[in-house]
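Heads up, the thing below is written out as structure tokens.
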Amino acid sequence: MRNQLAQLLVEKGITDTKVLDAIRDIPRHLFMDSSFEGHAYQDKAFPIAANQTISQPYTVAFQTELLQLESDMNVLEIGTGSGYQTAVLLKCRARVFTIERQLELFKKTSLFFKKMGYRPKKTIFGDGYKGLPEDSPFDRIIVTAGAPEVPKALLSQLKIGGRLVIPVGFEEQIMTLYVRTSEKEFRKEEFGSFKFVPLLEDKN
Ligand code: SAH
């Protein structure tokens, strides 16, 4: 079933072999509630705890491909959720720092990582809007929730030459890539529209 899913993603335009290998390898059904397990290899998003969703495999593949990962890069992920995207990043040999703001999901997914032997560098409970200054700058940053605007903190925590992939918008989001070209300059590119749960900012 995973091979078929990877084949479908190829037909939808995904070409990065690291990403496709990760999709073929990772048991997505284990990242989901048992009631949806039987549907895990459909190219669809499903509900997880705390009213959140596990992203559609195509979305995960599209975002990861845009990152253009190389081995041992430091990657900041905002929105751990089920941990599936984290697992894809790890499989692509990234050193992952992942942040989740829902305590229930943070606890559940942290335990699941231990059980499965997935080893992010850090799994953090907190507000990803602020990024992770103490471990910055990052080679890559990926946001897996819909952001009303691009958080300035995330841009400032990107290495020069680094890439930030973030869905920007309210009801629907435009997948947006920022490449830091110098200390002060960014190149921005926009891709198709997607639907994510919102990126929420903790104001206090
Ligand atoms: N990559 C995840 C996507 C989960 S949905 C997966 O495929 O399972 C997006 C996640 O972002 C949710 O778990 C939500 O709680 C989290 N989130 C929203 N705003 C956040 C913020 N400011 N900081 C960290 N996580 C946030």
Side-chain angles (χ1 to χ4, degrees), residues 5 9 19 22-23 26-34 36-37 39-67 69 75-92 94 96-113 116 118 120 122-136 138 140-155 157 164-170 172-173 175 194-204:
L5 175 60
L9 298 182
V19 176
I23 301 281
I26 298 168
R28 186 174 186 248
H29 63 283
L30 299 181
F31 293 75
M32 297 171 45
D33 281 1
S34 50
F36 296 105
E37 226 176 40
H39 305 287
Y41 299 104
Q42 295 176 7
D43 189 20
K44 286 186 185 156
F46 289 100
I48 53 174
N51 276 323
Q52 304 302 315
T53 53
I54 178 170
S55 297
Q56 184 182 339
Y58 174 72
T59 305
V60 172
F62 190 83
Q63 287 197 276
T64 313
E65 180 163 288
L66 274 184
L67 287 175
L69 289 170
V75 180
L76 176 63
E77 177 193 30
I78 314 298
T80 315
S82 68
Y84 181 72
Q85 172 75 70
T86 319
V88 170
L89 296 169
L90 290 168
K91 191 75 202 165
C92 295
V96 185
F97 301 75
T98 183
I99 309 180
E100 172 57 53
R101 70 175 288 285
Q102 293 278 356
L103 188 58
E104 180 189 359
L105 270 172
F106 164 76
K107 286 186 181 164
K108 190 173 171 198
T109 302
S110 302
L111 268 177
F112 176 73
F113 286 155
M116 295 289 291
Y118 290 116
K122 287 190 183 172
T123 306
I124 293 155
F125 171 59
D127 179 10
Y129 234 93
K130 302 178 180 64
L132 195 60
E134 62 269 36
D135 290 292
S136 70
F138 294 95
R140 303 290 188 256
I141 301 177
I142 175 171
V143 179
T144 70
E149 57 182 359
V150 56
K152 294 223 164 44
L154 298 186
L155 288 172
Q157 291 172 30
L164 163 66
V165 174
I166 180 169
V168 182
F170 291 91
E172 277 199 343
Q173 295 84 28
M175 193 60 74
F194 291 81
K195 257 194 149 124
F196 285 81
V197 295
L199 181 74
L200 300 173
E201 185 173 9
D202 295 336
K203 300 277 185 190
N204 46 10

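Both ligands and their constituent atoms are indexed starting at 1 by order of listing. A quick note: this is a predicted structure, and the numbers were derived from the prediction, not measured. Because only heavy atoms are used, hydrogens play no part in the values below, and waters and symmetry mates are left out as well, while side chains stay in.
Residues satisfying the side chain to side chain contact (heavy atoms under 4.5 Å, CB included) test with P148, not counting sequence neighbours, are Y129, F170.
Note that OG of S82 is 5.0 Å distant from CD1 of I48, once rounded to the nearest 0.5 Å. Here the CD1-CG distance, from I142 to L66, works out to 9.0 Å after rounding to the nearest 0.5 Å. Going from atom CD of Q52 over to atom CD of Q102 covers 5.0 Å, rounded to the nearest 0.5 Å.
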Could you list each N/O atom of ligand 1 together with any protein N/O atom closer than 3.5 Å, one pair per line with the distance?
from     : atom 1 : to   : atom 2 : distance (Å)
ligand 1 : 1 (N)  : G79  : O      : 3.3
ligand 1 : 1 (N)  : T144 : OG1    : 3.2
ligand 1 : 7 (O)  : S55  : N      : 3.1
ligand 1 : 8 (O)  : S82  : N      : 2.9
ligand 1 : 8 (O)  : S82  : OG     : 2.6
ligand 1 : 13 (O) : E100 : OE1    : 2.7
ligand 1 : 13 (O) : E100 : OE2    : 3.3
ligand 1 : 15 (O) : E100 : OE2    : 2.6
ligand 1 : 19 (N) : L200 : N      : 3.0
ligand 1 : 22 (N) : D127 : OD1    : 2.8
ligand 1 : 22 (N) : L200 : O      : 2.5
ligand 1 : 23 (N) : G128 : N      : 2.7
ligand 1 : 25 (N) : R101 : N      : 3.4

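Every pair passing salt bridge (Lys or Arg N to Asp or Glu O under 4.0 Å) that includes a residue from residues 39-48 is listed here, sequence neighbours excluded: K12-D43. Applying the salt bridge (Lys or Arg N to Asp or Glu O under 4.0 Å) test to every pair with at least one member in residues 96-109, sequence neighbours left out, gives these pairs: D33-K108, R101-D202.
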